[in-house]
Amino acid sequence: MCLFGASGHGKVVRDVALSQNKTIKVFFDDSPKANLLNETPILPLSKLNNFLDNSFLISIGSNEIRKKISNKLNVSFTTLIHKTAVIATNVSILEGTVIMAGTTINTDVNIGKHTIINTAAVIEHDCSIGDFVHISPNATITGNVSIEEGTHIGAGAIVIPNIKIGKWAIIGAGAVIISDVPDFATVVGNPGKITKYKK
Ligand SMILES: CC(=O)SCCNC(=O)CCNC(=O)[C@H](O)C(C)(C)COP(=O)(O)OP(=O)(O)OC[C@H]1O[C@@H](n2cnc3c(N)ncnc32)[C@H](O)[C@@H]1OP(=O)(O)O
């Protein structure tokens, strides 16, 4: 398979693939810092046509950029799940999504496309996680929470049960979310307070 984005996140996604004995043939990146990333070649997008029979994943941390790239490219996207992730019964994970090492996803959870569930995050039962979301390392999403498209949950944040978080919101690292969050809001602190809205 091949990855779009030869970044720090790209390296970690490559390791998720390796944990499942999958090999990354190539990173595609139009502004790479080198020709190789941990011995994997980096090519410009103009070479994509030679690799179209592979499956792909966008290994870029920005939710906005993953959305833009996925809308532009007509390739076959796959999911990647680290071998140490614990995934319960009745969990749905759509294409383009990556599940990092040490995560736990409990039963009756739906996860959209091109989403990142980062290292050691916990997604409890009956949650709905939208497309292009990023749940950062060690975040805890408790039961029955819904998180809409494009939202970023910072490292170590905690969301209590039955909360709804709108689209393209940002939850700061370490925040504790005890009430619903509107679309485009940035929320920080314990208890979480809105500091601004994305323009
Ligand atoms: C593998 C990986 O690395 S995955 C990446 C994971 N990334 C993260 O977890 C990053 C999460 N990002 C944050 O927490 C950021 O600080 C954000 C997005 C919440 C805020 O960023 P900005 O909009 O640039 O805010 P800025 O830094 O200007 O701070 C604004 C105010 O919020 C406060 N603030 C910012 N972040 C936090 C936070 N996490 N908790 C509490 N207060 C915070 C600042 O102290 C500042 O307060 P002041 O106005 O009283 O001085």
Side-chain angles (χ1 to χ4, degrees), residues 3-20 24 27 29 32-33 37-38 40 57-70 79-86 93 96-105 111-124 127 129-142 145 147-160 163-199:
L3 299 177
F4 293 104
S7 58
H9 180 60
K11 289 192 281 191
V12 181
V13 173
R14 194 186 79 124
D15 281 350
V16 175
L18 289 176
S19 84
Q20 297 285 11
I24 302 301
F27 284 99
D29 198 317
K33 296 193 177 93
L37 187 60
N38 290 0
T40 303
L57 194 131
I58 306 171
S59 52
I60 294 174
S62 159
N63 298 343
E64 286 88 353
I65 295 176
R66 283 200 310 289
K67 182 171 184 178
K68 265 190 207 151
I69 292 181
S70 69
T79 57
L80 272 178
I81 299 175
H82 195 278
K83 72 170 183 189
T84 62
V86 176
I93 300 170
T97 287
V98 59
I99 312 284
M100 299 290 197
T103 54
T104 300
I105 301 177
I111 301 178
K113 53 185 185 174
H114 301 287
T115 276
I116 301 166
I117 310 295
N118 220 320
T119 313
V122 172
I123 315 286
E124 266 302 336
C127 283
I129 313 288
D131 301 337
F132 311 108
V133 166
H134 180 182
I135 310 289
S136 294
N138 251 324
T140 301
I141 312 300
T142 63
V145 167
I147 298 176
E148 290 183 23
E149 180 183 302
T151 283
H152 180 203
I153 308 288
I158 297 172
V159 183
I160 70 164
I163 292 292
K164 292 186 190 329
I165 300 183
K167 59 186 179 188
W168 301 100
I170 298 174
I171 307 300
V176 178
I177 303 303
I178 61 167
S179 47
D180 290 354
V181 173
D183 297 348
F184 305 109
T186 295
V187 178
V188 301
N190 176 10
K193 298 266 187 259
I194 297 174
T195 54
K196 61 184 172 187
Y197 287 89
K198 222 184 248 175
K199 285 171 199 135

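Each ligand, and each atom within it, is numbered from 1 in the order the structure gives. Note that the structure is a prediction, hence the values are computed from the model and not measured.
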For the residue pair Ser7 and His9, confirm or rule out a side-chain donor-acceptor distance under 3.5 Å.
->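 Short answer, no.
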
Could you check if a side-chain atom of Lys167 sits within less than 4.5 angstrom of a side-chain atom of Ile147, using non-hydrogen atoms only?
->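 No, every pair of side-chain atoms sits at 4.5 Å or beyond.
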
May I ask you to check whether over 12 heavy atoms, not counting those of Lys68, lie within 6.0 Å of atom NZ?
->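 No, because the 6.0 Å sphere around NZ of Lys68 holds 12 heavy atoms or fewer from other groups.
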
Under the side chain to side chain contact (heavy atoms under 4.5 Å, CB included) test against [X], which residue among [options] passes?
X      : options                        : result
Val187 : Val176, Ile153, Ile194, Ile170 : Ile194
Ile129 : Thr115, Thr97, Val145          : Thr115
Ile99  : Val16, Ile111, Thr79           : Ile111

Collect the protein residues that have a non-hydrogen atom under 4.0 Å from ligand 1 and hand them over in chain and number order.
->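 For ligand 1, the contacting residues are Asn118, His134, Ser136, Pro137, His152, Gly154, Ala155, Ile170, Gly172, Ala173, Val188, Lys196.
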
